[in-house]
Amino acid sequence: MQKWIILFLLMAGSAFGWEAQLSCDPQIARVGQQVRLTLTIEGLRNPPQPDKVDVDGLRSSLFSNRSSSIQVINGKYSQKIQYSCILAPERTGEFTIPLTYSYKKETKHLSTSLKVLAAQNGEASDINEMFFAQLNARSDKIYVNQPFELQLEIYTIQGAQITDRINLGNMPESGLSELEWTELASAQKVVDGKIYNVRRFRSTTQALTAGTFHFAPQVTVQAVTPQQNRRNDPFFDSFLNQMQTQSIPLHVEPFTLEVLPLPSEGKPAPFSDGVGSFDFSVENIPDEIKQGDPLTVRMRIRGSGNLRSIKAPAFSSTDGIKTYENNRVSADDSEAVFEQVIMLNEPGKVTLPALTFSWFNPQKEKYETITRGPFPLEVKPNGAVAAQIVTDTPTPTRRTKILGQDILYLKPVPHQWERLDQPFWYARKIYLCLLLLPALFAVAFGLISGSVRRLQANPVEARKRSAGKNAHPALKAALKAAHANEPDTFFAESWKAISSYFADKLNLGGGEVNATRLLTALQSAGLPEDELDLFKKLLQTCEQSRYSMHTSTSTGELTQMARNLEAVIKHCERSF
Amino acid sequence: MKQIFFLLTTCLLLISNAHGELSAQKAAFNAQDEYDAQHYANAARKYEQILQDGFYAPEIFFNLGNAYFKAGDLPRALLNYRRAWYFMPGDADLTANINLAAKTAGINMPAEGVPERIAFVLPQERWVNCAQIGYLLTVILIVAAISIPRLRNPILKCSALPLALALFSCFGIWKWHTLYRSNEQVVIQTLSAKYGPTETSTDHFKIPAGSIVSADTKTGSRWQEIELNENRGWIKKESSSPVVIWKF
């Protein structure tokens, strides 16, 4: 509701002040060429249609075309209504077109001008007549570091068109600050009886050194040439007919610019390198400050000149006053702001020295100086150190006001300490070695699992692999019996070991193990002859013992036979 | 006999280390008292003594930075804040103090790209922890996949997550490692970097006090080549202090 009331008041209020403007496009025309005359009315909701203009030499239609636009900018409502009519010049001359427009009791007398040239006899044939450019400096006397404007104007004869691709080259390579061009509003000009559309560009620059600068720029534009239809299909033509352009280098008259050095006579020290007209102020110095608190002093330079490269004066460190570099906070064409941090470490009354700012005024052709200060202030002993954050009221909607800025207080004393000479725990070699263990475990686990799975799938291989393990108890018992000189037990256990081992190793049934098969297998396994003989003897002795043919054997012989058997099994473990 | 000697030596070392830590803690409390009494220079001296005794903790760097700030020595404040930052880059108090000190000194902290900003969310030790967790989980899941063949595929797919965590953490560790290798230094006094390692060389660019530069200390004896904002120049070694004073 409140918004609607405000909007209504704005709209109602808009009727109290209204503006009207009369303009014609183009402002320069030829006899017979149509010119649009437009009346723009701002601030009225439903203005009446204006009367027809009556000027001798100009034929006029009624203001029959009406258009309107509404704008709300920053909450401000505005409505523009435009009435337009067509003028047809009948003779050459400079015309002033008057229009009297009344709304209720208020009347406005408006006028605009129109220049009418004779009808064109022939088109410009020379390309240099159709397109050319002008570059000039907008100052006569220029000093080092003094900003000056360069203006580039590109003339295009009425009817011709150029694109936005404009190349400017062959400008002085050194001695000038970087050129940044800004396009101004385009205009129409008459040169040698011809009407040109003029595109204007401006750049502010400054000479960094004194001397003569030669400007012989090369300007190239892209002129739009008439379209050439390659096919007679209106559908495809609308998509495929691209704008055709032709690159045209423009004729530009070269010129020289003399840049003067700053006079050495009367040059103040220190000098800010400023050239122009300036005002200098120092801000943000309080009457009192807490000891140790940083104080940010702001130095503001206003005016016109080389504000982007100017240097501001700064306080320097003295006893009890510690200063830091002054920093450029912002700089534009009208103002440069610098800030310098100062810390006052001694309590008591302190006077910051005066600051002197000097520059060269090129208009007056002399140096000028402004002095600000000195600045007395009182440094109070510091009390609290924490940042002061105060809230207005406990209501959550209120914003917190930051009253001061300070560092946050100390961290609590740590309980865990590190030694400077010891590397981080994770950079120690032992940690890096330990880090390998899980990976090694995973690899080993994978290998073992794979092996187990393979053996589960292949019982013959599994039996073969477990042969030694299965024969081991009998072999151990045989060795024990040999030490105890119990030949019967020894031979029984030895045979048990042999039959168990070779049955598993050769994948044989219990009854299939016999001396012939074993000796053949051992021979093929490459058992040395002497060992083979010993094994043969053992087998014979075992068989004798098994078939109750008692043999008298000493403990030493039994032990030797047990070792021989052990050696044969070990050999087979390697060979099979 | 050898075992007894080894045990005795270990015990003595442990006792001496514990004693040193206690002394450091005591000194830290004393320094805090000095700070509270606004004797900032004394506080800074006591914190420095702890470092000279060979002990450190991120909190000590922070507090030392505070003491120097209050004493008006912004470059050394920034130096110690930066040291603390290596161990607690996400600490809000530290960030606030660094920003205030940098603004007061009129310097910009080193510019960081997006990868660095991501990596420096956590200190290097946290990235190591994350990498460990990711690594161990990956190993456990791989072992599980081997043990349970019928669930092999889903378990292996799940192991991609901890593996990604481990790899991403390795990226964080590597970024920190690169920073350590860059050998950051804080310039103690405003000076000009020169084009060459001689007094007679032309000044190249100005370095405000408190600026953090990357230095190549291997080059030259008294001079070091430094880089600041993509500008390279030479300064004397004594005009800057290294940020990393601990073994890594």
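Chain A is the first sequence line, chain B the second, and so forth, proteins listed ahead of strands; every chain is numbered from 1.
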For this session: Considering only heavy atoms, give the residues of residues 428-439 of chain A separated from chain B by less than 4.5 Å, sorted numerically, with 'none' for an empty result.
Result: A:Tyr431, A:Leu435, A:Leu436, A:Pro438, A:Ala439
Problem set entry | Under 4.5 Å from a heavy atom of chain B, the part of A:Thr296 involved | neither
For this session: With a 4.5 angstrom heavy-atom cut-off, could you sort out which part of B:Thr138 is near chain A: side chain, backbone, both or neither?
Result: neither
Exercise. Among B:Ile245, B:Thr190, B:Leu74, who wins on heavy-atom pairs under 4.5 Å with chain A?
Worked result: B:Leu74
For this session: Count the heavy atoms belonging to other residues, nucleotides or ligands that lie under 6.0 Å from CD of B:Gln52, then report whether that count exceeds 12.
Result: yes
Seminar exercise, completed: Turns out that what part of B:Pro149 lies under 4.5 Å from chain A's heavy atoms comes down to side chain
For this session: Over all heavy atoms of both residues, which pair between B:Gln132 and A:Trp425 is shortest? Give the atoms and the distance, please.
Result: NE2-CZ3, 3.7 Å
Exercise. In terms of heavy-atom pairs under 4.5 Å, which option from B:Asp36, B:Ile98, B:Ile142 contacts chain A the most?
Worked result: B:Asp36
For this session: Please round to the nearest 0.5 Å and tell me the distance separating atom CD of A:Gln422 and atom CZ of B:Phe55.
Result: 8.5 Å
Exercise. Which bit of B:Phe248 is near chain A, if near means a heavy-atom gap under 4.5 Å: side chain, backbone, both or neither?
Worked result: both
For this session: Using non-hydrogen atoms and a 4.5 Å limit, figure out which bit of A:Glu339 sits close to chain B: side chain, backbone, both or neither.
Result: neither
Exercise. Based on non-hydrogen pairs under 4.5 Å, which of B:Gly106, B:Ala28, B:Ala57, B:Gly54 is most in contact with chain A?
Worked result: B:Gly54
Problem set entry | Atom group of B:Leu100 that falls short of 4.5 Å from chain A, counting heavy atoms | side chain
